[in-house]
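Notes for the one structure printed next.
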Amino acid sequence: MITVRELIAVGGFDENAILAGDAFLEKELLGVTSFDSPDGHRWLRQGEFVLTTGFPFLSQTETIEAGLIQLIDSLADVGTPGLAIKLGRYIESLPFAVIEHAAQKQMPILSFPMEKAWSDVIVPVVRYIVDKQRSELEQTHAIYERFHRHLTIGAPVCQLAKLLQEALNASVTIYSPSHRWNWTSPFSELSQNIAWIERQCGHPAPPAIMNQPLVPLENGSYLRWLLCGQHKQGGILIDGLHRDLHSWEKVAIEQSAALLSLEMQRQQTVNETYQRFRNDFLQWLVSGHAGPRSVVTRRAQEVAWELDDHYFAVLLRADVASQTTLTSWQENHSLLELINRYFSKTPHRILSGLDRNNHLLLLVPFAEQQARHAESEIFSLLQQALLSTDVIPAISIGIGRHHLGWEGISESYREAQISLRTAFHTNSHTHTMGDHSPLRMQSYRDLALERILFAEQPNVEARVLAEECLSKIVQYDAEKNGQLLQTLQVFIQANGNHVDAAKSLFVHKNTIKYRLQLIRDLTGLHPESGQDQLLFRIALTVHAVGRHS
């Protein structure tokens, strides 16, 4: 194809040949034809430039102006890129109304020289189009050869930016945050559009981009989106062209995109396989049967993980309307990809995967002296990760307590499961993030009765609760005859009244307060607090039933 501007030069038109539509000389045409019949437009093909004497538009029933306006409308409907009229033979000049109408219809009109024959324009233009097509075919063949050679010699995909720069003679950047691609051609600077591309990555591609992934940008650049499935995963950015692309240049871009898409699919397959191994390792680690430290270390190295000394468990689930196995897996798997993509840009060594219930499992490392700080930090990181995308369902989060050593991971995971059920069923501790769906978070350390209600085995959880609350008190009484357990029982039976408890035990109320302070120091729980009183009441009941049984 050539433009109307090229036709003017190739066809031998003079500089003053443009009568109307000079703003639309870049319109492309496929060929040139002529007609001199009133209904000649009926046999035109889209893209054909028209030559005419104007004779068919002389009519006794309407003016030349009306006839030419009707002709322009007919040609515009067909898709004609422009026309040339022999002025002086039948039409002396082009009426102003016709010039205005041509501009409205984006129709260039040229003055065809009287001394020229139709063939003086048609032959050189057709020859020019054929030569141009031959040249483009040769260029396209050369492009295919270069990319075929790149593929057959096994050149790395990171060299595609350089190869594409040589083909287009323009600055090229290949960027994909999820694959950690940030390749620029030699002597190119990092494009200012990278930050914008990164914000778009991971989002679903609209139908327009799915059908036409090569997009011209306002600054004269081009962006070829790299798609994986129906999501944007990166882009090829060609900077500073400020012109339309030739067909062979589009071929070069598409060849690059095809090779990059193949590499994306290969990496995705590897990553999914690797993630399955990591999921198995995490499930084995939280099962409580991991075995000796040397075995755990070796298996961690097999999945490219280096373990820290202490971890606590965090569980997440996407609360979708249809909680079938497939939809649950899809939503939680998408959530895992989002979290992994975000964490890959941070220095945090968080272990992530899906557990056997298809819930997103995070094992978060912590330093012994900064355990509480680690919990607030991971919640902040999760908020930032979720804010990096536009569409995310409501999410429930359960957090286990901080137990020292790898042996404590299984206990923290069990606690995170109970916390997750509590967060989902009670809607407590809900956080909203602007226009995003809510996050329902529950930490195990804040649970009371819910520990038993939402446990898979309530009787087992009740015994664990009793052991946690009372073991140090029982030990203290055995060693020092402190009567703390009896004091606690009487105080709770007295509904937290210090005076009534003192009367029942025949001691001063300050003695009651002193013993309660010892209980606080030993357990970290406050017998005067309503929530902790409930924990102690349950624990004392389980303790008494267990002792009598």
Side-chain angles (χ1 to χ4, degrees), residues 275 278-290 296 310-320 323-325 327-329 331-333 335-336 339 350-366 371-372 374-376 378-379 381-382 393-431 438-469 531 535 538-539 542:
Q275 188 63 58
R278 288 182 164 180
N279 293 346
D280 292 342
F281 172 75
L282 285 176
Q283 191 61 50
W284 176 70
L285 197 59
V286 301
S287 69
H289 307 292
V296 177
H310 313 293
Y311 288 94
F312 68 94
V314 178
L315 282 172
L316 297 88
R317 59 172 284 177
D319 302 330
V320 294
Q323 278 294 337
T324 64
T325 302
T327 57
S328 176
W329 180 86
E331 290 293 339
N332 289 318
H333 189 268
L335 184 60
L336 173 62
I339 296 297
I350 297 171
L351 313 184
S352 58
L354 296 177
D355 69 0
R356 62 185 177 187
N357 298 313
N358 287 326
H359 295 153
L360 176 54
L361 169 61
L362 307 178
L363 293 185
V364 184
F366 68 93
R372 293 295 292 271
E375 187 172 312
S376 60
I378 186 60
F379 183 68
L381 285 172
L382 290 174
I395 293 175
S396 296
I397 303 174
I399 302 178
R401 288 182 297 187
H402 306 77
H403 300 278
L404 299 182
W406 297 347
E407 300 79 8
I409 292 176
S410 60
E411 184 64 19
S412 183
Y413 173 67
R414 183 188 66 82
E415 295 169 353
Q417 289 178 304
I418 297 174
S419 302
L420 183 66
R421 295 189 198 105
T422 306
F424 176 72
H425 290 291
T426 64
N427 293 336
S428 60
H429 300 84
T430 300
H431 301 260
L439 298 180
R440 295 190 286 264
M441 185 189 74
Q442 182 64 61
S443 177
Y444 187 84
R445 59 181 170 78
D446 297 326
L447 295 180
L449 183 61
E450 299 91 347
R451 290 178 56 174
I452 300 173
L453 289 176
F454 295 104
E456 286 187 348
Q457 296 178 297
N459 58 331
V460 174
E461 188 60 36
R463 288 197 296 271
V464 173
L465 174 64
E467 175 68 17
E468 291 177 359
C469 293
Q531 177 170 302
L535 286 177
I538 296 171
V542 174

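Bear in mind that the values here come from a model prediction, so they are computed numbers and not experimental data.
For the atom pair L420 CG and I395 CD1, the distance stands at 11.0 Å (nearest 0.5 Å). We find the CD-CG distance between Q417 and N357 to be 6.5 Å, quoted to the nearest 0.5 Å. Taken to the nearest 0.5 Å, the CG atom of L336 stands 5.0 Å off from the CG atom of L354. Distance CG/L316 to CD1/I397: 4.5 Å, rounded to 0.5 Å. In this structure, CZ in F312 is found 12.0 Å from CD1 in I409, a value given to the nearest 0.5 Å. In this structure, CG on L282 lies 9.5 Å from OH on Y413, to the nearest 0.5 angstrom.
Among all heavy-atom pairs drawn from L315 and A416, the shortest one is CD1-C, 3.8 Å. In plain terms, the two heavy atoms of L465 and A539 that are nearest each other are O-CB, 4.4 Å. Taking both residues in full, the closest heavy atoms of E450 and I418 are given as O-CG2, 3.9 Å, listed atom of the first, atom of the second, then distance. Smallest separation of non-hydrogen atoms from A462 and V542: CB-CG2, 3.7 Å. Between S412 and R401, the closest heavy-atom pair is OG-O, 2.8 Å.
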**OP:** Please step through side chain to side chain donor-acceptor pair (under 3.5 Å) for the pair Q275 and N279, ending with a clear verdict.
**Re:** CA-CA 6 Å; Q275 188 63 58; N279 293 346; 3.0 Å; yes
Original post:
Hey, mind stepping through E415 and H403 against side chain to side chain donor-acceptor pair (under 3.5 Å) and telling me if it holds?
Top reply: CA-CA 11 Å; E415 295 169 353; H403 300 278; 3.0 Å; yes
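Between L382 and L362 the shortest side-chain heavy-atom distance falls below 4.5 Å. Side-chain contact between Y444 and T422 is absent, with no heavy-atom pair separated by less than 4.5 Å. Side-chain contact between Y311 and L285 is absent, with no heavy atoms from C-beta onward closer than 4.5 Å.
At least one donor-acceptor pair closer than 3.5 Å links the side chain of N332 to the backbone N or O of A318. Checked by atom type and distance alone, the side chain of S419 pairs as donor or acceptor with a backbone atom of I399 at under 3.5 Å.
A search for side chain to side chain donor-acceptor pair (under 3.5 Å) contacts involving S410 returns nothing, not counting sequence neighbours. Residues that satisfy the side chain to side chain donor-acceptor pair (under 3.5 Å) test with E411, not counting sequence neighbours, are R414. With sequence neighbours excluded, the residues that form a salt bridge (charged side-chain N to carboxylate O under 4.0 Å, His left out) with R421 are E456.
Ring geometry, F366 versus H402: the interplanar angle exceeds 60°, so the pair is classed perpendicular (tilted spans 30 to 60°).
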